[in-house]
Amino acid sequence: MPEEETTFVEAFKAAVRPEPRRTHRTERQGALPVVVLCGDGGAGGDRDPAAAIRELAAYVCPDVAHRGARHALIEPRHLAAGADRAVPEVIDQLERAELNGVGRLRLPEVALLRSLADWDPEAGQGGNKEPAVRLRDHAYEKLCDRHKGLMALRWLAGGRQPDLSAGRGPLDFLFILLPAPLFYFLPRWLWTLRCDRRLLRQAKRHPWWAFARGRAAHPESGRFFDTAIAWREDLHKDGGDRKAEMMARAWWAALLSDLRHANRPGRLRPYRRRRRTRCVVLLSPPAEGRQEVHDRFLRAYEDACGVIPYASVVLVAGMTGVGEGAKSLADVAARWRPQRTPERQLARLPESLPTPGTPVPPLPVPYFRPVARPGGELAVELTALAAALAVTAWLVMTGVPSRGDDTTPCLGGDEPPGTSAPKVPASPASPEEYEQVRDLITEENHRVDKEAPPGHVRTVFYLGANRGNTRFGSGLPELRGILMGQQEANRSAQGDPNNGIWLRVEVRDAGVRFKNAADVARRIVTQAAENPDDVIGVVGFAESRTESRDAISELTAAKIPVIITSSTANAMLPSRNDEFVHRISPVNSRETDVEAAFVQHGAIIGDDSGDCHTARAAVVVRDSNDLYSNELGEQFREKFERLTGARAYSVLYDQNAAGSAPPPAGVTTDDINRVARTVCGRLGEEDRTLLYWAGRAEDFSSFLRAFGERTTCTSHHLTVLGGNELTNAALAGEFPGDNRLRLYHTVHALPVGDARRTGPANRFSDAYAATWKNDLWRNDGHAAQGRDAIILMADAASTVSTGGQTVTSGLVQNTLFNGGDTVNLVGASGALRYVQGVADPQNKPVIILRHFDKGNPVPVLVCGAFTLDAGDDYNRWGSDRQYECPTDQ
């Protein structure tokens, strides 16, 4: 026996019964192409396609490997009636197949189409009703005839189509009032709604009806039976070959849709699990003069497969004469795989296929051998399901059994690490310390003017703001980072006398809370216009406020590049020329993505037993008039609710809240004491409640005092998660307390001593300690981000200079905008990886610290990129790295 015939039979077997575990996945990849066996009519061998079709049919049933395969054999006498009559013959043969262990084949879409096609509008009662209503009644009666449950309901309602106009006695009135509406009209109405929804408004999921009507599968309004009447009118209007073609398409589409659902895996469906075979349709060569009907049959099937690309049928046809472009049987077998747009394959028949009983190599696909009959298997599954539901209900009613001393510790622990913490500065944001840094920047500027080569000096403005003599401001550590970045950039430029660009830094104070930021920005624009070849950009903007956003708009309108250091609000981008803005820190959307994932999985809510749990509820405190606070709080609330399914209670703390409307679930107040009482009340309702603080640090300090002095919750455990706004005050010891306050806050740089820190980060922290002593702000990200902003601006300027061009603000902007390897670098705050046209660094690190008032902070979550190699990114967190980190890709 030639090898190619054996190869084809093996491929035929594998197509009829594919590997069980891959069936569902492969069948979603497309339909199997039609294979047409062509005889050449030459001498030698049996080259009759009809004989080949009969031999394949013999392989379907007797072969043990294909037990359970349904098949249909269409002889010329069946095809002589037309393609539209041949497809119902296929359906009848598939339905009549009585196979062991796979159950009865249910074809509801085919049955619906049959009732639509067989309806006689002249027969039956209700002639005064609309045609669509009479067609609906007819289709529902046909459904009740074959559906045992609906048949029983119809019997309870009084039989076929209850007549409400018959009789007026008391018994008839009760019959009309109760059984008929409940058991007949209500089920019919629900079934009609289901037809409308599935076949019209969900046409993309159930496209067979749209395909049968010759329309695109788009959702549409209206009623299904109105469209069915229009379809019938089109059929009778066209007539002849057009009608036969439309009916063949409709039959194939309905059949493929039913087979798609019949062969889909099911959990409590033992019959479905046994359906490991595809249906086989074998089409004998056409009789003399019936080639057109033969082609119409195949064309209707292939058109339906293009709309319902599901490999549920194996179709092999015969054709007299060799088709143009026919391949060998071995070539066809090698390409017999599911495809999205299957093209018909023509196969030559140089010799006869092997007759039944001829040894064919067994398939390497394991047979399905169930351990019990379908009924017994279903009984076992239902018993197991009932037992599982009973155990679950018992656990819900009685609570999870006690685990004794086996408790879940809180993330970060309850005790500070053993290493000694740096000394907390007494007044870390004093005016004298600001002045000290400004003096050092002025000294560095004098050195630049004295030592830099002519033409190699450019000016960068730093726009910042302080909060006065408090511990809350990020201005001082950021200004220190600006100085250290300037010194580092100038040392690098000194080592490259040909292309290095020295930087002068002009410090501009925007006032408390950036209240003068827009005026300062306008003065910078004026000065830049007077010296267009000197000023190359502006860095700074530590806070996301409306005033700072207005200042950025002024700068970008003048096309001056801006690098934002630690402002995180997404809304900081201006409405125009936003391509001139570049950021160092991760934005609020990324930060809240990480925080919501942290709250969803992290055991952070503690109690007196020492056990910790995830949060079941949240209170979000935000200020609607503060750009940073409002955006951060609202984004966290939305993501918390989406991930946990719980509601978050909103508290709008606004000192100008008089007359303001409260949020849908929450309150609005200008009294910090009411904020504390509201949080206390929510803790009383649900112990596992998280407080998410999106407000400013000074307000949080006031809240803690009010919570401890003016509420009844002094004995409650309070778990707080806050943004980077709390970092400065937390590291400066502003939030002392006992173990009942559990504070987590985000930070944008790893603490000193962490093994995951990179070389640039360690060198920066060492230089910081040598210059400013060993204070807790070495663990803050503001200083590192200030340094990274200056280094990024200097690198962009040096890149322009290396290209042999004069360094201008426009060329610096183009370099920053294009991103890529020219500006990407490993900074002290993490990797700065930019892509073209995107202001934010990709996967910038977000770290969540567990705060201790007497000790070093402990990182409990680290997500993001610390090197330029994406393979080194921290993309999982947890004690066993079991949780995924949100990413920007």
Side-chain angles (χ1 to χ4, degrees), residues 407-413 417 568 584-606 612-616 618 632 635-636 638-646 690 692 719 721-724 727 742-762 779 781 784 824 826-835 838 840-851 856-889:
T407 60
T408 302
C410 284
L411 287 179
T568 59
I584 299 296
S585 61
V587 290
N588 285 348
S589 56
R590 170 164 172 74
E591 185 171 322
T592 50
D593 282 340
V594 175
E595 290 172 334
F598 173 73
V599 172
Q600 180 188 14
H601 300 293
I604 58 176
I605 308 295
C612 258
H613 312 276
T614 56
R616 285 182 177 172
L632 190 74
Q635 288 188 0
F636 177 83
E638 185 270 329
K639 294 169 184 176
F640 173 82
E641 291 182 345
R642 185 178 72 248
L643 290 180
T644 65
L690 169 76
Y692 183 81
T719 301
L721 175 61
N724 188 55
T727 300
R742 182 174 300 278
L743 173 60
Y744 299 90
H745 62 91
T746 59
V747 68
H748 297 153
L750 284 167
V752 175
D754 194 287
R756 291 165 287 195
R757 287 173 63 92
T758 59
N762 286 327
N779 293 320
N824 288 353
V826 178
S829 62
L832 299 177
R833 298 202 305 241
Y834 295 92
V835 297
V838 179
D840 309 318
Q842 300 299 292
N843 283 351
K844 190 69 193 302
V846 175
I847 300 106
I848 297 182
L849 299 182
R850 163 74 161 100
H851 166 71
N856 285 323
V858 175
V860 293
L861 176 146
V862 177
C863 288
F866 292 91
T867 69
L868 298 183
D869 185 359
D872 295 336
D873 289 3
Y874 286 86
N875 50 24
R876 304 192 71 84
W877 70 277
S879 57
D880 297 320
R881 299 176 61 81
Q882 66 270 40
Y883 306 122
E884 290 188 2
C885 290
T887 61
D888 293 331
Q889 283 74 24

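Along the sequence shown, residues carry numbers from 1.
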Qualifying salt bridge (charged side-chain N to carboxylate O under 4.0 Å, His left out) pairs with a residue from residues 874-883, counting only residues at least two apart or across chains: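 For residues 874-883: R876-E884.
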
Distance-minimising heavy-atom pair for [X] and [Y]:
X    : Y    : answer
A596 : K639 : CB-CB, 3.8 Å
A597 : L643 : N-CD1, 4.0 Å
T758 : G827 : OG1-O, 4.1 Å
P859 : V862 : CB-CG2, 4.2 Å
S829 : I584 : OG-CG2, 4.1 Å
G830 : P845 : CA-CG, 4.0 Å

What is the distance from atom [atom1] of [X] to atom [atom2] of [Y], rounded to the nearest 0.5 Å?
X    : Y    : atom1 : atom2 : result
R590 : S585 : CZ    : OG    : 11.5 Å
T719 : I604 : OG1   : CD1   : 6.0 Å
I848 : L721 : CD1   : CG    : 5.5 Å
E641 : F636 : CD    : CZ    : 10.0 Å
S879 : L411 : OG    : CG    : 8.0 Å
N588 : N724 : CG    : CG    : 10.0 Å

Using a 3.5 Å distance criterion without hydrogens, assess whether the side chain of [X] forms a donor-acceptor pair with backbone atoms of [Y].
X    : Y    : answer
N843 : G864 : no
Q842 : Y834 : no
D873 : N875 : no
R756 : L750 : no

Side chain to side chain contact (heavy atoms under 4.5 Å, CB included) between L849 and V858, worked out: CA-CA 5 Å; L849 299 182; V858 175; over 6 Å; no

Parallel, tilted or perpendicular, as decided by the 30° and 60° cut-offs, for the rings of Y883 and W877: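 The arrangement is tilted - the two ring planes meet at 30° to 60°.
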
Parallel, tilted or perpendicular, as decided by the 30° and 60° cut-offs, for the rings of Y874 and F866: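 Perpendicular, since the angle between the ring planes exceeds 60°.
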
I605 and L690: CA distance, side-chain angles, deciding distance, side chain to side chain contact (heavy atoms under 4.5 Å, CB included) verdict: CA-CA 7 Å; I605 308 295; L690 169 76; 4.2 Å; yes

Side chain to side chain contact (heavy atoms under 4.5 Å, CB included) between H601 and Q882, intermediate numbers included: CA-CA 10 Å; H601 300 293; Q882 66 270 40; over 6 Å; no

Worked verdict on N824 versus L832 for side chain to side chain contact (heavy atoms under 4.5 Å, CB included): CA-CA 5 Å; N824 288 353; L832 299 177; 5.8 Å; no

R833 with D888: basic N within carboxylate O range, under 4.0 Å: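 Looking at D888 together with R833, the answer is no, because their closest N to O distance does not fall below 4.0 Å.
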
Within-4.5 Å side-chain heavy-atom neighbours: L861 and V594: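 Yes, side chains in contact.
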
Any side-chain heavy-atom pair of P586 and H748 under 4.5 Å: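 Yes, side chains in contact.
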
Donor-acceptor side-chain pairing of Y744 and E595 below 3.5 angstrom: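 Side-chain D/A pair, Y744 to E595: absent.
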
Worked check of side chain to side chain donor-acceptor pair (under 3.5 Å) between E591 and T746: CA-CA 8 Å; E591 185 171 322; T746 59; 2.9 Å; yes

